[in-house]
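Heads up: the structure comes next, in structure tokens.
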Amino acid sequence: MTESTLMLPSQQKNWLDAVRYYTPTIAVAVTVLVLWELLVTVLNIQQFLLPKPSAIFAELIAEFQLAFDTTGSRSILIESTGATLWEAVGGFCLGCGAGILVAFITARWTIISEAMMPFAIAANSVPIIAFAPIMNNWFGLTNPASKMAIVAIIVFFPTMINTVRGLTLVDPLQLELMQSYAARPFKILFALRIPNALPYIFSALRVASSLSVIGAVVAEFFGGPRATLGVFITQEASAFDFARAWAAIIMAALIGISFYLVVLFAERRLMPWHSSLRERA
Amino acid sequence: MAAEAKIKPIVISAKNLYKIFNVGGSDAVTALQNVNLEIRAGEFISLIGPSGCGKSTLLRLIADLTKPTQGELNINGKDPHQARLDRDYGMVFQAATLYDWRTVTKNVQLPLEIMGYPRTVRQHRAQEMLDLVELGKFANHYPWQLSGGMQQRVAIARALAFEPSLLLMDEPFGALDEFTRERMNMELLRIWEKTGITVIFVTHSIPEAIFLSSRVVVMSPRPGRITQIVENNVEYPRMFETRETPRFFEKVTEVRELLRDAHLEA
Ligand SMILES: Nc1ncnc2c1ncn2[C@@H]1O[C@H](COP(=O)(O)OP(=O)(O)OP(=O)(O)O)[C@@H](O)[C@H]1O
Ligand SMILES: [Mg+2]
């Protein structure tokens, strides 16, 4: 998942521009799907190895019909998607919020940040997902809080580290400009350090948005309520209903990408000076 | 001529000023050695000398961005720290140092914001300063939408915005082409004549120093010392044609020879 494929067109001049921008991406997607369908059919690949896209798509349609028809029927897949999204978003908000908060506190006092950073960087390379069973113990297997906790811990460290960097890695010349005006620390924070940190914070949030969906789904592999994507995937796979498992994977991918795009959109909105907007200006 | 007859008060005085970086270390550098200098109100002083001779260091000492190792430095009768707190000077750094996240006008307003001017005054003053540097139409652009020379002019507008009595400029036109640079020189002279501000101007260009300044301070390479202070009697008003007068050539040659001698001695 590279950044360029998911980048929003910076300034859509008109509808035609948008079409031109997205056409290659859509062409690649369609080609891959057609090839996939053809290969599975021609090579007669068993559905438990790789189901056809059409079969997966049919599953998805069926689930959406269940969820949104008027008979009051329910779709476990759609409910699972909602539950996993809730865990991911909840954990994201908690973890990133705490990360940014702690970063502001540590960046304020250099001594604390110097003492904390090595631990944060070390913690950042620990596979935190391994704590999932412990969180299940702490908060209860079916309590969304156990997954949120894992997600929160996963996204906390990159967010905190990047925010501290953004607040402290300020161009010395830009800092001297502030000193030449005898600006107070408070003013330096708001007029220089925070704007300087925004690109760092957003790049952490973009990574965190993807990580939070991954974290939630993988944490669910260790157990959780029936209506969550991770549990759904494991159960359908062990029941050899691979088209349904794949449908759930697609849903997980969709919420991951949507979440990422929302963060990206917020970034563009909050930082109109962003460098990636410059070429088309 | 009339202005020169009146003796103006001394606004900057340096006595036996030393700046040694990493004192006592094996990598100690004597950047400035025994600098003595007196600058009167309304002067335009150029600092000229080879790279690494301590021009920026002298400017940064005056700006209280670094402390002298030894010696006395007075700005408007105060120590540099107090002068900085009193916002006695505006500084133009070698790089434009604009904030990317602020529009041009917001960049110019930054010092006014810090100093607590009301919004309407800020906006009015910023527009005035931008007009002065001929960038009135670019107020709402972002810095990266401007050329290097335009950015540098915004930095000058910003330094002038709060009307400091002293303007410190570190090679502000170093990155400009010859033609733009000469135009900027004209603009700066115009501003200086209009406002009566005291300017200390670091440059590598001898013609630029002669064109702009009332006195040229020639410095020698490490350890940085003042070799000579050249009174510049090229007559005012200075215009494009001034650069082609014999007096101008004479002065340029004088400074060039001083710089060469200083280099040979070192
Ligand atoms: N922060 C510092 N730490 C150590 N040495 C320094 C520092 N700043 C400057 N120096 C040294 O002081 C000397 C003078 O530096 P300065 O920047 O004042 O030179 P300059 O005359 O402005 O040169 P240039 O024309 O290249 O800008 C140099 O030899 C430099 O190595
Ligand atoms: Mg310098």
Side-chain angles (χ1 to χ4, degrees), chain A residues 10-11 13 100 103-104 107 162-163 165-206 263-281, chain B residues 56 59-67 75 78 80-104 106-117 138 140-146 154-155 158-159 161-162 164 166-171:
Chain A
S10 36
Q11 277 166 359
K13 283 215 185 67
I100 291 172
F104 270 82
N162 256 30
T163 309
R165 283 200 182 124
L167 290 172
T168 50
L169 291 182
V170 176
D171 176 10
L173 214 56
Q174 299 195 333
L175 210 53
E176 281 192 348
L177 183 75
M178 280 295 187
Q179 280 161 5
S180 81
Y181 299 136
R184 289 172 212 288
F186 201 66
K187 183 68 191 173
I188 298 179
L189 178 69
F190 279 94
L192 175 56
R193 291 191 188 276
I194 291 178
N196 187 70
L198 277 182
Y200 291 83
I201 294 175
F202 271 108
S203 91
L205 293 186
R206 270 186 274 128
V263 175
L264 197 63
F265 183 72
E267 177 177 7
R268 294 298 141 89
R269 263 319 174 64
L270 272 167
M271 295 174 31
W273 67 88
H274 195 284
S275 57
S276 61
L277 299 182
R278 291 182 189 181
E279 270 114 275
R280 288 174 164 230
Chain B
S56 297
L59 219 55
R60 291 165 47 78
L61 282 172
I62 294 169
D64 186 46
L65 296 173
T66 182
K67 304 275 180 214
I75 318 291
K78 296 168 275 195
H81 182 67
Q82 190 56 46
R84 177 166 69 87
L85 294 185
D86 292 349
R87 281 101 180 212
D88 278 4
Y89 69 84
M91 180 125 179
V92 180
F93 294 88
Q94 189 163 358
T97 330
L98 303 176
Y99 289 173
D100 268 352
W101 48 89
R102 285 176 170 253
T103 57
V104 164
K106 283 283 184 187
N107 266 291
V108 177
Q109 289 175 39
L110 177 70
L112 304 172
E113 229 176 270
I114 292 170
M115 294 167 202
Y117 286 73
F138 292 86
N140 294 314
H141 283 60
Y142 280 99
W144 39 269
Q145 294 171 315
L146 306 185
V154 177
R158 181 181 58 189
F162 61 100
L166 176 61
L167 186 59
L168 308 175
M169 307 179 88
D170 194 350
E171 292 181 53

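We name chains A, B, ... by the order of the sequence lines, and we start the count at 1 in each one. The shown structure was predicted, so the numbers you read here are calculated from the model rather than taken from an experiment.
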For L198(A), is it the side chain, the backbone, both or neither that has a heavy atom under 4.5 Å from a heavy atom of chain B?
-> neither
Where is the tightest heavy-atom contact between Y99(B) and M178(A), given as atom of each residue plus distance?
-> OH-CG, 3.4 Å
Portion of R84(B) that has a non-hydrogen atom of chain A nearer than 4.5 angstrom |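 For R84(B), heavy atoms of backbone and side chain both lie under 4.5 Å from chain A.
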Using the test side-chain contact (heavy atoms from CB on, under 4.5 Å), find all partners of L270(A) that sit at least two apart in sequence or belong to another chain.
->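 side-chain contact (heavy atoms from CB on, under 4.5 Å) check on L270(A) returns F202(A).
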For each of I114(B), L168(B), L85(B), tally heavy-atom pairs with chain A at distances under 4.5 Å, and name the one with the top tally.
->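 It is I114(B).
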Would you mind telling me which of L110(B), T103(B), D86(B) has the largest number of heavy-atom pairs within less than 4.5 Å of chain A?
->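 Answer, by heavy-atom pair count under 4.5 Å with chain A: L110(B).
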For residues 181-188 of chain A, dump all side-chain donor-acceptor pairs below 3.5 Å to protein atoms at least two apart in sequence or in another chain.
residue, atom, partner, partner atom, Å
Y181(A), OH, R158(B), NE, 3.4
K187(A), NZ, E113(B), OE2, 2.8

In Å, rounded to the nearest 0.5 Å, how long is the span from CZ of R60(B) to CD of E176(A)?
-> 4.0 Å
